[in-house]
J.: 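Below is one structure. I have some questions about it.
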Number of protein chains: 2
Amino acid sequence: MADKAGGQRGRRPQGQDAQPNEPTLTRERIAATAVNMLDAKGLDGLTMRGLAEAMGSGVMSLYWHVENKEAVFDLALDTVLEYSAPTSLQDWRGDIVHVLDDWRATMLRHPWSALLLPRRVLGPNILVRLERLSTCLSAGGVAEADVNAAIWSLWNYVMGATVTRASFGPSDADRAVSQERLAELGSLYPFLGRSRLLLDDDWDGTFRRGLDFLLDGIAPKR
Amino acid sequence: MADKAGGQRGRRPQGQDAQPNEPTLTRERIAATAVNMLDAKGLDGLTMRGLAEAMGSGVMSLYWHVENKEAVFDLALDTVLEYSAPTSLQDWRGDIVHVLDDWRATMLRHPWSALLLPRRVLGPNILVRLERLSTCLSAGGVAEADVNAAIWSLWNYVMGATVTRASFGPSDADRAVSQERLAELGSLYPFLGRSRLLLDDDWDGTFRRGLDFLLDGIAPKR
DNA sequence: CAATTGACTCGTACAACGTACGATGCGATG
DNA sequence: CATCGCATCGTACGTTGTACGAGTCAATTG
């Protein structure tokens with residue numbers, strides 16, 4: 001019966017010999033745990049109760065450090081999106097590709113982030129990335145008047161690509177089914193039926209080729 | 001007091017003089033009502049109970065016509081995305097712009113759809129649009145080998161643009177705040193701080209300019 | 001030392017949700 | 001009349017986010 005209440009379970013292992021790896025509740029620790037849990041169980045897998053349990057604390061304790069669940073999402077998102085711009089500026093086009101590749105890769109490493117970002121944009125770490133894009137474009141000689149439009153188009157492109165990729169999930173089965181349905185309806189969709197559009201699973205390659213299109217268009221005309 | 005139980009409220013106005021505008025429960029009617037409710041109260045505003053009440057039926061009756069709530073989303077999404085390709089093929093670039101403009105406009109007219117589409121792609125009406133893109137590109141002389149990449153890049157672009165636009169919502173306040181925060185942190189984000197990137201609210205114009213970049217890149221090189 | 005304060009933790013409780021299940025009513029068919 | 005399918009719906013359960021207030025403990029103050 002002892003388990004019934006569970007009650008004081010765990011308690012804080014306060015005092016002397018508490019493992020040092022159980023600090024106390026902290027925004028950072030909450031963020032980190034949330035990221036783990038999101039990675040493991042996906043967007044819907046994160047519940048406040050689960051989060052609390054994973055950290056060995058009571059549910060309501062979280063609310064001392066965090067406004068509400070949305071704030072947890074924000075925290076996790078920004079945690080994951082940290083960016084360290086590395087190389088120097090020389091090949092503007094290569095630099096931009098690097099920013100966007102890294103961006104995309106990060107989001108795909110945590111697929112929930114791609115589904116989340118559209119709803120809560122503009123955490124600090126996003127701004128870092130935008131800033132970097134900005135400098136790259138300027139350095140590349142893109143006309144001042146074009147820079148903003150270029151940034152947004154790049155943003156749109158990554159955003160769309162990752163969101164799409166993440167939503168298709170790793171299961172190629174869905175796409176295969178769709179493509180099959182397409183083939184049946186060959187009369188309705190002659191082009192699509194023939195093109196195997198939905199079967200192509202070279203996501204990275206497709207991403208790069210599309211990005212090249214875009215950069216070709218952005219590159220200063222001479 | 002009569003309202004207390006509500007109970008048999010409404011009932012089916014079965015029999016002779018029922019208004020013809022209250023058919024019976026129907027997938028189509030459910031879809032339509034869901035769209036209205038989504039338009040009015042947003043993504044989270046749609047609840048099965050609310051939906052049922054809006055149609056004057058019991059909650060569980062819905063489940064006879066619909067698998068679950070997700071199915072309702074699918075239904076509503078595809079309802080909204082219906083597309084009638086109008087004009088003939090002549091100016092491939094103009095045609096593509098038309099497809100994408102219409103696409104974007106439709107989604108922005110129902111902002112929830114932009115947030116939904118990333119999760120549940122490839123309803124039939126989406127395919128119509130993709131097919132249309134496909135023919136336009138081919139007609140425009142884009143190399144066969146480039147068509148798929150081009151389609152996906154266009155898809156990514158619209159998707160990213162609409163999703164972003166929808167998430168910013170009509171409230172410019174958020175962006176203003178962010179831009180202000182940017183100005184304060186001018187040292188961290190010199191370019192962004194100066195560019196008023198976040199203040200620009202000519203969404204349509206920006207969309208078109210970015211799309212031009214992309215199409216410039218896609219256009220067959222000569 | 002005792003009293004107080006404020007940072008922090010947590011159990012309980014509630015309202016809202018999606019939906020499983022089974023009961024009910026109905027028109028058509030035997 | 002009996003039977004059967006389609007269609008409707010009430011009730012009930014489990015799960016969720018979180019409001020509220022009571023609890024703990026270290027540091028501060030008298």
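Letters A, B, ... mirror the listed sequences (proteins, then strands); counts begin at 1. Since the structure is predicted, the reported quantities are computational estimates derived from the model, not experimental observations.
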J.: Might you point out which heavy atoms bring B:A76 and B:A34 nearest each other, and give the distance in Å?
T.: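 Closest approach of B:A76 to B:A34: CB-CB, 4.3 Å.
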
J.: Could you check whether any side-chain N or O of B:Y157 sits under 3.5 Å from a backbone N or O of A:L214, counting only pairs where one atom can act as donor and the other as acceptor?
T.: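 Checked: no pair found.
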
J.: Is there a donor-acceptor contact under 3.5 Å from the side chain of B:K41 to the main chain of B:N36?
T.: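 Absent.
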
J.: Okay, side chain of A:R208, backbone of A:W203: is any donor-acceptor separation there less than 3.5 Å?
T.: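 Flag not set: sc A:R208 to bb A:W203 has no pair under 3.5 Å.
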
J.: With a 4.0 Å limit, can you tell me whether B:H65 has a side-chain N or O closer than that to the phosphate oxygens OP1/OP2 of D:dC6?
T.: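 Checking D:dC6 against B:H65, no side-chain N or O comes under 4.0 Å of OP1 or OP2.
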
J.: Using modelled atom types only, decide if a donor and an acceptor are shared between the side chain of A:T106 and the backbone of A:R104 within a distance under 3.5 Å.
T.: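 Flag not set: sc A:T106 to bb A:R104 has no pair under 3.5 Å.
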
J.: Can you name the residues that form a ring pair (Phe, Tyr, Trp, His ring centres under 6.0 Å) with A:F213, not counting sequence neighbours?
T.: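 Ring pair (Phe, Tyr, Trp, His ring centres under 6.0 Å) list for A:F213, sorted by chain: empty.
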
J.: Rounding to a whole Å, what distance do you find between B:R27:CZ and D:dC6:C1'?
T.: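 One finds 16 Å between C1' of D:dC6 and CZ of B:R27, rounded.
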
J.: Five pairs at each end of the helix from C:dC1-D:dG30 to C:dG30-D:dC1: take the axis at both ends and give me the angle between them to 10°.
T.: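 Helix axis angle between the two ends: 30°.
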
J.: Check the orientation of B:W103 and B:W155. Use parallel for under 30°, tilted for 30 to 60°, and perpendicular for over 60°.
T.: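 If you compare the ring of B:W103 with that of B:W155, the planes turn out perpendicular.
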
J.: Expressed as a whole number of angstroms, how long is the span from B:L62:CG to D:dG10:P?
T.: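 In whole Å, D:dG10 P and B:L62 CG are 12 Å from each other.
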
J.: Might you list the N or O atoms of the protein lying below 3.5 Å from N or O atoms in nucleotides 16-19 of chain C, with each pair's distance?
T.:
unit_1 : atom_1 : unit_2 : atom_2 : d
C:dG18 : OP1    : B:K69  : NZ     : 2.4
C:dG18 : OP2    : B:M48  : N      : 3.0
C:dG18 : N7     : B:R49  : NH2    : 2.7
C:dG18 : O6     : B:R49  : NH2    : 2.7
C:dT19 : OP2    : B:Y63  : OH     : 2.8
C:dT19 : OP2    : B:K69  : N      : 3.0

J.: Is any side-chain nitrogen or oxygen of B:W64 closer than 4.0 Å to OP1 or OP2 of D:dA7?
T.: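 It does, given that an N or O in the side chain of B:W64 lies less than 4.0 Å from OP1 or OP2 of D:dA7.
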
J.: Can you find a side chain N or O atom of B:S61 that sits less than 4.0 Å from OP1 or OP2 on D:dA7?
T.: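 It does not, given that no N or O in the side chain of B:S61 lies less than 4.0 Å from OP1 or OP2 of D:dA7.
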
J.: Looking at every non-hydrogen atom in both residues, tell me the closest pair between A:L25 and A:S57 and how far apart they are.
T.: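 Distance-wise, the nearest heavy atoms are CD2-OG, 3.8 Å.
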
J.: In whole angstrom, what separates A:E53's CD from D:dT15's P?
T.: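 These atoms are roughly 13 Å apart.
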
